[in-house]
Amino acid sequence: MRHMLALLIVLALTGPSLAHHSAAQFDFAQTVKISGTVDFVDVRNPHTVLVLISEDGHGGHIAVEYEGHSRNNYYRNGWRPGSVEKGDVIAIDIAPMRDGTDGGYIKQFVLGDGTRF
């Protein structure tokens, strides 16, 4: 019984830390450019969240969520509040998902005027 309790405590304490460290799901050796319209953006710590609406290849559109660096990293590279807002047409360079599903890790934002961060 004590072993079971100890196992439950270990699982409870390690689960949240494993969930946060998601870098293993992204293929950082690859870079894919995605273009679309911003539906949602939250540049924050510890990770940025971006939902981009892009063409799905079948004449329709798809909304895909991407993860990115922290607010601090983007700020050091030129991002400022209001740099990317809902409705903006942008491109992003991403590390795609290793399993081939939609989504990925934002390596770089490319704004309509060519600004990169």
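The structure presented is a predicted model; accordingly, all values stated were derived computationally and were not measured. No hydrogens, no waters, no symmetry mates; every other heavy atom, side chains included, goes into these values.
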Where is the tightest heavy-atom contact between Phe117 and Asn77, given as atom of each residue plus distance?
-> CB-O, 3.1 Å
Determine the minimum heavy-atom distance between Ala63 and Val51, stating which atoms define it.
-> CB-CG1, 4.0 Å
Across all chains, not counting sequence neighbours, the ring pair (Phe, Tyr, Trp, His ring centres under 6.0 Å) partners of Tyr66 are none
Could you tell me whether the side chain of Arg71 reaches within less than 4.5 Å of the side chain of Trp79, counting heavy atoms only?
-> yes
Within 45° of the axis and under 6.0 Å from the centre of the six-membered ring of Tyr75, does NZ or CZ of Arg80 qualify?
-> yes
Any chain of hydrophobic side-chain contacts (each under 4.5 Å) joining Ile62 to Leu52?
-> yes
Evaluate the side-chain proximity of Asn73 to Thr48: yes if any heavy-atom separation is below 4.5 Å, no if none is.
-> no
Determine yes or no for a side-chain-to-main-chain donor-acceptor pair under 3.5 angstrom, with Asn45 supplying the side chain and Ser70 the backbone.
-> no
From NE2 (His47) to CG (Asp42), nearest 0.5 Å | 12.5 Å
Sequence neighbours excluded and cut-off under 3.5 Å, please list the side-chain donor-acceptor pairs for residues 26-41, or say none.
{"residue": "Asp27", "atom": "OD1", "partner": "Ala29", "partner atom": "N", "Å": "3.2"}
{"residue": "Thr31", "atom": "OG1", "partner": "Lys107", "partner atom": "NZ", "Å": "2.7"}
{"residue": "Lys33", "atom": "NZ", "partner": "Asp93", "partner atom": "OD1", "Å": "3.1"}

Side chain to side chain, Val84 and Val43, heavy atoms closer than 4.5 Å = no
Would you please name every residue forming a salt bridge (Lys or Arg N to Asp or Glu O under 4.0 Å) with Asp102, sequence neighbours left out?
-> none
If only atom types and distance count, is the side chain of Tyr74 paired as donor or acceptor with the main-chain N or O of His69 below 3.5 Å?
-> yes
Supply the atom-to-atom distance Ser54 OG to Ile92 CD1, rounded to the nearest 0.5 angstrom.
-> 7.5 Å
Is there side-chain contact between Glu65 and Val49, with at least one heavy-atom pair below 4.5 Å?
-> yes
Indicate if Ile106 and Leu111 have the same hydrophobic cluster label, given that clusters are the connected sets of ILVMFWY residues with side-chain heavy-atom separations under 4.5 angstrom.
-> yes
